[in-house]
2 protein chains.
Amino acid sequence: MSVSDAALRRFTGYGMKRAFNAIQADVNRTLKPHGLRMVTFSALSVIGENPGLSQAQLADALSIERPNIVMLIDELEAAGLVLRERHAADRRAYALALTGEGRRRLARADRAVRAHDARMTAGLSTEDRARLMEMLGSVERAGEEATG
Amino acid sequence: MSVSDAALRRFTGYGMKRAFNAIQADVNRTLKPHGLRMVTFSALSVIGENPGLSQAQLADALSIERPNIVMLIDELEAAGLVLRERHAADRRAYALALTGEGRRRLARADRAVRAHDARMTAGLSTEDRARLMEMLGSVERAGEEATG
DNA sequence: TATTGTTATACTCTATAACTATA
DNA sequence: TATAGTTATAGAGTATAACAATA
């Protein structure tokens, strides 16, 4: 006898959780050979796109609490992928930047994640994918309104 | 100066994580007055739809490991919402069922979660919502193929 | 006073190994 | 031998309070 979850399947959140779990498992499998996880890849990507940003700015961009950024950057710095330079104008803050190895690692991992993304959305047309991203953005914004 | 996450916005997983975080925060806020969380609501819903199922079947339906189901049912049993009856044919297993209070609590929470879902998808048409659910299902199935 | 980075801490969620009782 | 439930435990991930240095 099979168990039904039809009552839950009506809810966007349930479908989203199951889809996200599938994506997260696959992306972590994808990133493992590169020595990265979803969160470290995200941090690397944002630092690469915004060199000189502070830990507080990175925390804000990724919706991570400041204390948890410390360990994250510790890990990336120890791996030789990120540099903590002192900010010129504000001596409280660091200016984060990628090392040469950080840039290379990010470039390779980014290619792998693009392939992962294509795999996960193989059942969707190009228009479908764009539409999905728009709808996810709509849900995210609805949540921001609710939170205030 | 604002920090850009445009490089990550290309990825389905990033959009999905942000949308899911928004949904999870809102649904937990929604369920708190009912004494439930996302996972306890899900368990209640599946038990209500499949009375007599075992803990192992529930674990499989919700993709939760068996040991973690034990604490979950402990909590719902202590709250007087779920009963562990002995399975007639297999004395190793429990037959899970909702109490009267469990059914009432589920009915009320289900109404609240439907309102939450409508709120989170307020920016989408009825057809959009159906399309979103289909696409999430497509991503979930792509993940199952990848896992094997 | 407020903010940046930090430490310490705690709480939740999740995953694994090993046990018991039944099958 | 295999499965259901359980216990113990460990690892992530996430959140809060409080501190020193700087603004």
Side-chain angles (χ1 to χ4, degrees), chain A residues 1 3 13 17-18 20-25 27-29 31-32 35-43 47 52-78 82-97 147, chain B residues 1 3 13 17-18 20-22 24-25 27-29 31-32 35-43 47 50 52-78 82-97 147:
Chain A
M1 276 301 293
V3 173
K17 180 174 177 56
R18 297 192 71 105
F20 176 68
N21 283 351
I23 286 193
Q24 188 170 45
V27 82
N28 281 331
R29 221 177 304 130
L31 287 170
K32 193 156 197 176
L36 298 172
R37 288 163 293 144
M38 197 178 207
V39 64
T40 50
F41 171 78
S42 298
I47 297 169
L53 88 170
S54 68
Q55 292 186 183
Q57 286 177 310
L58 179 61
D60 188 60
L62 293 180
S63 298
I64 296 176
E65 294 302 314
R66 265 62 51 103
N68 297 324
I69 288 285
V70 176
M71 290 180 305
L72 195 57
I73 300 298
D74 282 351
E75 179 183 339
L76 291 171
E77 195 182 32
V82 166
L83 288 174
R84 281 197 249 232
E85 295 169 344
R86 273 293 161 195
H87 198 283
D90 186 342
R91 281 185 306 167
R92 291 172 304 182
Y94 288 121
L96 302 176
T147 306
Chain B
M1 277 303 293
V3 173
K17 180 174 176 57
R18 298 193 71 106
F20 177 67
N21 282 351
Q24 189 170 44
V27 82
N28 281 331
R29 221 178 303 129
L31 287 170
K32 194 157 195 175
L36 297 172
R37 288 163 293 144
M38 196 178 206
V39 64
T40 49
F41 171 78
S42 298
I47 296 169
N50 304 274
L53 89 169
S54 69
Q55 293 186 183
Q57 286 176 311
L58 178 61
D60 187 60
L62 294 179
S63 298
I64 296 175
E65 294 302 315
R66 265 60 53 103
N68 297 324
I69 289 285
V70 176
M71 290 180 303
L72 194 58
I73 300 299
D74 282 351
E75 179 183 339
L76 292 171
E77 194 182 32
V82 165
L83 289 174
R84 282 199 248 231
E85 296 169 343
R86 273 291 161 194
H87 198 283
D90 186 341
R91 282 185 305 167
R92 291 173 303 180
Y94 288 122
L96 301 176
T147 305

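Letters A, B, ... mirror the listed sequences (proteins, then strands); counts begin at 1.
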Query raised in the report: If you look at every strand shown and take non-hydrogen atoms under 4.0 Å, does A/Arg84 touch a base, only sugar-phosphate, or nothing?
Result: sugar-phosphate
Query raised in the report: Within less than 4.0 Å of OP1 or OP2 of C/dT6, is there a side-chain N or O belonging to A/Arg66?
Result: no
**Report entry** Any donor-acceptor pair under 3.5 Å from B/Arg37 side chain to B/Val27 backbone
**Finding:** no
Query raised in the report: Rounded to the Å, how far apart are B/His87 NE2 and D/dA4 C1'?
Result: 11 Å
Report task. Using a cut-off of strictly less than 4.0 Å, decide whether B/Gln55 has a side-chain nitrogen or oxygen near OP1 or OP2 of D/dT6. Result -> yes
Report task. Return the value, rounded to whole Å, for the distance between atom CG of B/Asp74 and atom P of D/dT6. Result -> 7 Å
Query raised in the report: Which distance, rounded to the nearest 0.5 Å, do you find between the CD of B/Gln55 and the CZ of B/Arg84?
Result: 5.0 Å
Query raised in the report: What is the distance, rounded to the nearest whole Å, between atom CE of A/Met71 and atom C1' of C/dT6?
Result: 11 Å
Requested in this report: Select one nucleotide: of D/dA4, C/dT22, C/dT14, the one nearest the side-chain heavy atoms of B/Ser54.
Outcome: D/dA4
Query raised in the report: How long is the line joining CD1 of B/Ile69 and C1' of C/dC13, in whole Å?
Result: 13 Å
Query - Under-4.0 Å side-chain N/O to phosphate OP1/OP2 contact, A/Arg91 with C/dT4 - result: no
Query raised in the report: Roughly, in whole Å, what's the span from CD in A/Glu65 to P in D/dA17?
Result: 11 Å
Query - Among C/dC13, D/dA8, D/dT22, the nucleotide that comes nearest once only the side chain of B/Pro67 is considered - result: D/dA8
**Report entry** Shortest side-chain distance from A/Val70, nucleotide among D/dA21, C/dT6, D/dA15
**Finding:** C/dT6
Query raised in the report: Side-chain contact, heavy-atom cut-off 4.5 Å: A/Glu85 with A/Tyr94?
Result: no
**Report entry** Candidates C/dT22, D/dG13, D/dT14 - which lies nearest the side chain of A/Asn68
**Finding:** D/dT14
Query raised in the report: To the nearest Å, how far apart are A/Glu85 CD and C/dT4 P?
Result: 19 Å
Query - CG on A/Asp60 to CD on A/Glu65, rounded to 0.5 Å - result: 10.0 Å
Requested in this report: Check every atom of D/dT6, D/dA4, C/dG5 against the side chain of B/Tyr94 and return the nucleotide holding the closest atom.
Outcome: D/dT6
Query - First of A/Asp90 and A/Asn21 reached from the 5' end of DNA chain C, by closest nucleotide - result: A/Asp90
Query - Toward the 5' end of DNA chain D, by each residue's nearest nucleotide, B/Leu96 or B/Lys17 - result: B/Leu96
**Report entry** Rounded distance in Å - CG (A/Asn28) to C1' (C/dA15)
**Finding:** 14 Å
**Report entry** Interatomic distance, B/Ile64 CD1 vs C/dA15 P [rounded to whole Å]
**Finding:** 10 Å
Query raised in the report: If we only count heavy atoms from C-beta on, is the A/Ile73 to A/Ile47 side-chain gap below 4.5 Å?
Result: yes
